[in-house]
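Just so you know, these numbers come straight off a predicted model, no measurement behind them.
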Amino acid sequence: MIKRICDRCNKEIKDNYWTIDIYQHEDNTGRVSTNGSINNIEQNTNKRLNRQKEYCEECIKDIKKTIERCN
């Protein structure tokens with residue numbers, strides 16, 4: 001059994017873990033920027049190599065609140 005630690009609060013994750021995917025999507029011309037391309041490649045590489053940051057449910061709820069507050 002893999003012991004999972006939350007990358008935000010450093011507590012052990014007892015149940016399911018959460019990840020965050022951040023991608024740049026194409027504009028009206030179907031293009032993404034250079035920075036967007038780099039980010040998307042990094043995201044895909046980390047996902048394939050199982051190197052995504054992992055979060056507990058408590059932290060992911062707090063992260064979502066922060067993101068939603070910005071809208």
Side-chain angles (χ1 to χ4, degrees):
M1 182 171 175
I2 297 173
K3 182 175 180 181
R4 298 195 182 277
I5 304 296
C6 178
D7 285 305
R8 185 168 181 255
C9 70
N10 294 317
K11 293 180 185 172
E12 184 177 1
I13 300 172
K14 303 272 187 204
D15 298 315
N16 297 338
Y17 67 97
W18 296 74
T19 61
I20 298 172
D21 295 322
I22 298 177
Y23 289 95
Q24 185 182 75
H25 296 272
E26 65 277 353
D27 62 13
N28 291 337
T29 65
R31 296 182 293 187
V32 295
S33 68
T34 301
N35 287 335
S37 295
I38 292 168
N39 173 76
N40 293 356
I41 290 168
E42 288 175 347
Q43 289 283 315
N44 290 331
T45 301
N46 287 338
K47 191 180 288 188
R48 285 192 151 238
L49 297 176
N50 200 25
R51 292 189 317 208
Q52 285 184 288
K53 294 195 181 277
E54 299 174 352
Y55 303 98
C56 65
E57 188 167 355
E58 185 176 318
C59 284
I60 208 73
K61 285 179 181 178
D62 193 43
I63 291 167
K64 283 179 73 173
K65 274 191 228 173
T66 301
I67 292 169
E68 289 167 359
R69 206 174 321 137
C70 294
N71 290 333

Supply the atom-to-atom distance [X] [atom1] to [Y] [atom2], rounded to the nearest 0.5 angstrom.
X     : Y     : atom1 : atom2 : answer
Glu57 : Lys64 : CD    : NZ    : 9.5 Å
Cys6  : Lys53 : SG    : NZ    : 10.0 Å
Glu54 : Ile60 : CD    : CD1   : 11.0 Å
Ile22 : Glu42 : CD1   : CD    : 11.5 Å
Asp62 : Thr66 : CG    : OG1   : 5.0 Å

Residue from Asn46, Asp7, Asp21 passing side-chain hydrogen bond (donor to acceptor under 3.5 Å, both in side chains) with Gln52: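 Answer to the side-chain hydrogen bond (donor to acceptor under 3.5 Å, both in side chains) test with Gln52 among Asn46, Asp7, Asp21: Asp21.
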Single-linkage hydrophobic cluster Val32~Ile41, side-chain heavy atoms < 4.5 angstrom: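 Different hydrophobic clusters.
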Which atom pair, heavy atoms only, marks the closest approach of [X] to [Y]?
X     : Y     : result
Cys56 : Ile13 : N-CD1, 3.9 Å
Ile63 : Arg8  : CD1-CD, 3.8 Å
Thr19 : Tyr17 : CG2-CE1, 3.8 Å
Tyr23 : Lys47 : OH-NZ, 3.5 Å
Ser33 : Gln24 : N-OE1, 2.8 Å

Any donor-acceptor N/O pair, Asn44 side chain to Asn40 backbone, under 3.5 Å: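 At least one qualifying donor-acceptor pair exists.
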